[in-house]
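First up is the structure itself, then whatever we jot down about it.
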Amino acid sequence: MSSNQPNHPMHVCCRSVALLPLFNNSSGYLTDKISSTVLASVATTAPMVVPPRFLEVYSIFKREHVLVMDPASNEVAAMMTLSTPAAAATLATKRASLQRLRRVLNQQASAKLDGLLGAAIGRPHATTKQD
């Protein structure tokens, strides 16, 4: 399947209203695993629908970046609220916040890589003889 076809997974993800990762207590994503949905959210600016505990575990995210589920609710109910006309403004705000977060993370990663490359350039290589 070519990536320019409308049903390609990349296009489906990019036009998603929100992402619904499996962040329940038994999935491991709130204790010892990382989800690719986290990266997908930042890359596509599609906010995730997450349980409150998510914000404790994934500290780079704040309430402004995600849609926090009511603990008494379930995933279906949370997604249904996103289909209301009132949700459009909330989603737009979350997407803008995710765009800002993506810029900050990219700047931090770039600075880190620049520092590592600068340090590596100054070091002698294993194949270079030093007197």
Side-chain angles (χ1 to χ4, degrees):
M1 176 183 288
S2 170
S3 65
N4 61 359
Q5 292 177 336
N7 289 332
H8 186 274
M10 183 178 73
H11 289 279
V12 172
C13 180
C14 290
R15 68 173 184 243
S16 295
V17 171
L19 301 174
L20 186 61
L22 181 62
F23 287 136
N24 59 38
N25 290 329
S26 63
S27 69
Y29 292 114
L30 296 176
T31 55
D32 59 359
K33 291 171 35 177
I34 189 164
S35 170
S36 60
T37 307
V38 171
L39 181 57
S41 177
V42 174
T44 65
T45 69
M48 292 178 287
V49 178
V50 298
R53 179 147 158 57
F54 173 88
L55 294 172
E56 297 169 25
V57 176
Y58 293 85
S59 60
I60 63 165
F61 288 93
K62 308 295 179 225
R63 284 189 171 272
E64 69 192 69
H65 305 118
V66 297
L67 299 152
V68 180
M69 285 177 35
D70 179 345
S73 184
N74 62 35
E75 288 87 354
V76 173
M79 291 302 282
M80 292 300 291
T81 63
L82 298 178
S83 63
T84 64
T90 299
L91 289 167
T93 300
K94 301 290 181 186
R95 286 183 182 278
S97 293
L98 282 164
Q99 285 175 342
R100 287 189 298 275
L101 176 63
R102 182 175 59 199
R103 274 194 301 277
V104 167
L105 293 175
N106 283 340
Q107 289 169 349
Q108 290 173 350
S110 179
K112 181 69 171 177
L113 287 173
D114 286 347
L116 290 171
L117 287 172
I121 289 170
R123 272 188 287 191
H125 298 158
T127 59
T128 304
K129 273 191 156 173
Q130 297 282 323
D131 290 322

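For clarity, every value in this text was computed on a predicted model and none was experimentally measured.
Taking I60 as the reference, L105 meet the side chain to side chain contact (heavy atoms under 4.5 Å, CB included) condition, with sequence neighbours excluded. Contacts of R63 classified as side chain to side chain donor-acceptor pair (under 3.5 Å), with partners at least two apart in sequence or in another chain: none.
Using a 4.5 Å heavy-atom cutoff, the side chains of Y29 and V57 are not in contact. Looking only at side-chain heavy atoms (C-beta outward), S73 and T81 stay at 4.5 Å or farther from each other. L67 is listed as a side-chain neighbour of L91, based on a closest heavy-atom distance under 4.5 Å. The shortest side-chain heavy-atom distance between P47 and H65 does not fall under the 4.5 Å cut-off.
Grouping the Ile, Leu, Val, Met, Phe, Trp and Tyr side chains by contacts below 4.5 angstrom, directly or via other members, places V66 apart from V104.
By the 6.0 Å contact criterion, NZ on K33 is enclosed, its count of non-hydrogen atoms from other residues, nucleotides or ligands being greater than 12.
Using cut-offs of 30° and 60° for the angle between ring planes, the Y58 and F54 rings count as parallel.
Minimum interatomic distance between T31 and R53 (heavy atoms only, all atoms of both residues): CG2-NH2, 4.3 Å.
The only member of L20, V17, T90 that meets side chain to side chain contact (heavy atoms under 4.5 Å, CB included) when paired with L82 is V17.
V76 forms part of a hydrophobic cluster together with M80, judged by ILVMFWY side-chain heavy-atom separations under 4.5 Å.
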